[in-house]
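Report on the following structure.
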Amino acid sequence: MRTKRDFLNMTDLKTEEIFGILSRAGDYKTGRGADQSAVLRHKTVAMIFKKPSTRTRVSFDVAIAKLGGHSLALSGAELQMGRGETTEDTAKVLSRYVDAIVIRTNQHSEVVDLATGGDIPVINALTDNFHPCQALADLLTIYEKRSKLSGVRLAYVGDGNNVCHSLILAAAKVGLDLRVACPTGYEPKADVLKLAEAHRERPGSISITNDPAEAAAEADFIYTDVWTSMGQDAESEERRRKFAGFQVNAALVAKAKKNVQIMHCLPAHRGEEISAEVMDSPRSIVFDQAENRLHAQAALLAFLIEESGSND
């Protein structure tokens, strides 16, 4: 019996499913296990990109090709969705043509409406609220470096944004010890913290502070993101002032464990949220993270297509 599976945020996966996807991603990366080149044979994935992208666009396109499928890239300007036609109607039409939808847009409600209206898997490739594909690749990266997730201490320093929200939900699923440090007024949303606790499956802790040093103390990993995300350009000067003191630099890294590793979802604004010295140091694993977008998303696509019964 067909059961449609979507990936709109990290709560859409059970903990055992997350680990299954990470295991498959590892196999894809190393070439172990079954050949992946026929997983999406004769399948088409529509990719709707309403926001600019480097890593997400390229990694999904390459992942689909490696799985033997075809990607159909669409910009918002090429669709009637939201311009007279409801998102739900667009979803119904696309469900007759393609086998899955990847969408990167602003409003999270648009992704929800697309998933509600259609009967094929929908993957959130970024909204203003969540970036779950990034979080999945982050978990893969951490697991590669530590061979575990539960009890690993991750410090996130910066804006309580969509990446931070997805890390919070991921932490509750796999038992990370997550410490988030944000300037006052830029903390993650309270409803995301409540959602994380409602979906907690592994013991762990999630704490919020306004002190970067407190978050970084004895951390296994320190993670940061840009201070000004897409669509926030008018706030950039104010954000630079308020985020002063939240840069991931040598002084902050010294607060963490000696073998701490540095993460960034990219693109990085060197000299703002992260110093070039730290970005280019042997501690930095930011490009491992970037590569793992490819492998994690390939495994996610395979999982969702199989679970939704779309690979017959």
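From a predicted model like this one, the values you see are computed outputs, not experimental measurements.
Nearest heavy atoms, Val157 versus Pro212: CG1-CB, 4.1 Å. Across all their heavy atoms, Asp138 and Gln289 have their closest contact at OD1-NE2, 2.8 Å. In this structure, Ala196 and Ala172 approach most closely via the heavy-atom pair O-CB, 3.3 Å. Summarising the geometry of Cys182 relative to Gly160, their closest heavy-atom pair is SG-N, 3.7 Å, with the distance given to 0.1 Å. Contact detail for Phe7 and Leu13: the closest heavy-atom pair is CE1-CD1, 3.5 Å. Closest of all the heavy-atom pairs between Ala299 and Ala25 is CB-N, 3.6 Å.
Side chain of Glu277 to backbone of Ala250: no donor-acceptor contact under 3.5 angstrom is found. Here the side chain of Thr209 pairs no donor or acceptor atom with the backbone of Ala181 at under 3.5 angstrom. A donor-acceptor pair is defined here as one N or O able to donate and one able to accept, closer than 3.5 Å; no such pair exists between the side chain of Ser95 and the backbone of Gly118. When atom types are taken as modelled, the side chain of Ser308 and the backbone of Lys4 share no donor-acceptor pair closer than 3.5 angstrom. Checked by atom type and distance alone, the side chain of Ser23 never pairs as donor or acceptor with a backbone atom of Gly20 at under 3.5 Å. At distances below 3.5 Å, at least one donor-acceptor pair connects side-chain atoms of Arg239 with backbone N or O atoms of Trp227.
No cation-pi contact links Arg283 to Phe221, judged by a cut-off of 6.0 Å to the six-membered ring centre and 45° from its axis.
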Q.
Show, in sequence, the C-alpha distance, side-chain angles and deciding distance for Met279 and Phe287, and conclude whether the side-chain contact (heavy atoms from CB on, under 4.5 Å) test is met.
A. CA-CA 10 Å; Met279 177 85 171; Phe287 296 107; 4.2 Å; yes
Q: For Arg241 and Glu237, run salt bridge (Lys or Arg N to Asp or Glu O under 4.0 Å): C-alpha distance rounded to whole Å, both residues' side-chain angles, the deciding distance at 0.1 Å, then the answer.
A: CA-CA 7 Å; Arg241 289 194 301 271; Glu237 288 303 321; 5.1 Å; no
Q.
Set out, in order, the CA-CA distance, both residues' side-chain angles and the distance that settles side-chain contact (heavy atoms from CB on, under 4.5 Å) for Asn259 and Arg146, then state yes or no.
A. CA-CA 11 Å; Asn259 64 342; Arg146 293 293 190 272; 3.8 Å; yes
Q: Determine, stepwise, if the pair Met81 / Ile103 fulfils side-chain contact (heavy atoms from CB on, under 4.5 Å).
A: CA-CA 12 Å; Met81 184 171 69; Ile103 179 168; 4.1 Å; yes
Q: List the steps, then state whether side-chain contact (heavy atoms from CB on, under 4.5 Å) holds for Val39 with Ile305.
A: CA-CA 9 Å; Val39 174; Ile305 292 289; 5.7 Å; no
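Under a hydrophobic clustering in which Ile, Leu, Val, Met, Phe, Trp and Tyr are joined whenever their side-chain heavy atoms come within less than 4.5 Å, directly or via other members, Val253 and Val152 fall into different clusters. Tracing side-chain contacts under 4.5 Å through hydrophobic residues (I, L, V, M, F, W, Y), one reaches Val174 starting from Met10; they form part of the same cluster. Hydrophobic clustering keeps Val278 apart from Val226 (ILVMFWY residues linked when any side-chain heavy atoms are closer than 4.5 Å, directly or through intermediates). Under a hydrophobic-cluster definition in which Ile, Leu, Val, Met, Phe, Trp and Tyr are linked whenever side-chain heavy atoms come within less than 4.5 Å, directly or via other members, Leu294 and Ile21 are assigned to different clusters. Put simply, Leu140 and Ile262 are part of two different groups of oily side chains (I, L, V, M, F, W, Y) that touch within less than 4.5 Å, one to the next.
Expressed to the nearest 0.5 Å, how far OG of Ser284 lies from CD1 of Ile222 amounts to 11.5 Å. Rounding to the nearest 0.5 Å places CG of Asp159 at 10.5 Å from CZ of Phe246. To the nearest 0.5 Å, the span separating CG on Leu40 from CG on Asp99 amounts to 8.0 Å. Rounding to the nearest 0.5 Å gives a distance of 4.5 Å between CE of Met47 and OG of Ser71. Put simply, CG on Leu139 and CG on Leu176 are 6.0 Å apart, with the number rounded to the nearest 0.5 Å. Atom CG of Leu178 and atom SG of Cys164 lie 6.5 Å apart (nearest 0.5 Å).
Judged as a salt bridge (Lys or Arg N to Asp or Glu O under 4.0 Å), and not counting sequence neighbours, the contacts of Lys29 are Glu144.
Side chains of Thr141 and Asn292: a donor on one and an acceptor on the other come within 3.5 Å. A donor and an acceptor atom, one from each side chain of Arg104 and Thr56, are located under 3.5 Å apart. Side-chain contact, Asn9 with Asn124: no donor N or O sits under 3.5 Å from an acceptor N or O. For the 3.5 Å distance criterion, the side chains of Asn210 and Glu187 qualify, holding a donor opposite an acceptor.
Within the structure, every pair that satisfies the side-chain hydrogen bond (donor to acceptor under 3.5 Å, both in side chains) test and touches residues 193-205, not counting sequence neighbours, is listed here: Thr15-Glu201, Lys173-Glu201, Asp177-Ser205, Glu197-Arg200. Listed by first and then second residue, the ring pair (Phe, Tyr, Trp, His ring centres under 6.0 Å) pairs that reach into residues 148-190 are Tyr156-Tyr223, Tyr186-Phe243, sequence neighbours excluded.
Under a 4.0 Å N-O distance rule, the pair Lys66/Asp35 does not qualify as a salt bridge. One finds a salt bridge joining Glu110 and Lys50 here, because a Lys/Arg side-chain nitrogen approaches an Asp/Glu carboxylate oxygen to under 4.0 Å. The existence of a salt bridge linking Lys257 and Asp220 is confirmed by a sub-4.0 Å separation between a basic side-chain nitrogen and an acidic carboxylate oxygen. Ion pair Glu88/Lys92 not flagged as a salt bridge, since none of the NZ, NE, NH1 or NH2 atoms sits closer than 4.0 Å to an Asp/Glu carboxylate oxygen. Using a 4.0 Å cut-off between charged nitrogen and carboxylate oxygen, Glu306 and Arg24 count as a salt-bridge pair. With respect to Arg240 and Glu272, a salt bridge is recorded, a charged nitrogen being found less than 4.0 Å from a carboxylate O.
Side-chain contact between Ser59 and His295 is absent, with no heavy-atom pair separated by less than 4.5 Å. Residues Leu79 and Ile48 form a side-chain contact, since some pair of their non-hydrogen atoms from C-beta on lies under 4.5 Å apart. Considering only heavy atoms from C-beta on, Leu167 stays 4.5 Å or farther from Val180 through its side chain. A 4.5 Å side-chain heavy-atom check between Arg293 and Cys133 finds at least one atom pair inside the cut-off. Under the 4.5 Å side-chain criterion, counting only non-hydrogen atoms from C-beta, Val98 is not in contact with Val45. Between Asp12 and Glu17, every side-chain heavy-atom pair lies at or beyond the 4.5 Å cut-off. At a threshold of 4.5 Å between non-hydrogen side-chain atoms, the residues Asp225 and Asn161 count as touching. Inter-residue side-chain proximity for Ile285 and Met263 is flagged as met; some heavy-atom pair is nearer than 4.5 Å.
Of the candidates Asp6, Ile101, Leu301, Ile123 forms a side-chain contact (heavy atoms from CB on, under 4.5 Å) with just one, namely Leu301.
Other residues, nucleotides and ligands place no more than 12 heavy atoms under 6.0 Å from the CZ atom of Arg96. Atom OH of Tyr143 is surrounded by 12 or fewer heavy atoms from other residues, nucleotides or ligands within 6.0 Å. Counted within 6.0 Å of NZ on Lys255, heavy atoms from surrounding residues, nucleotides or ligands total 12 or fewer; the atom is thus considered open.
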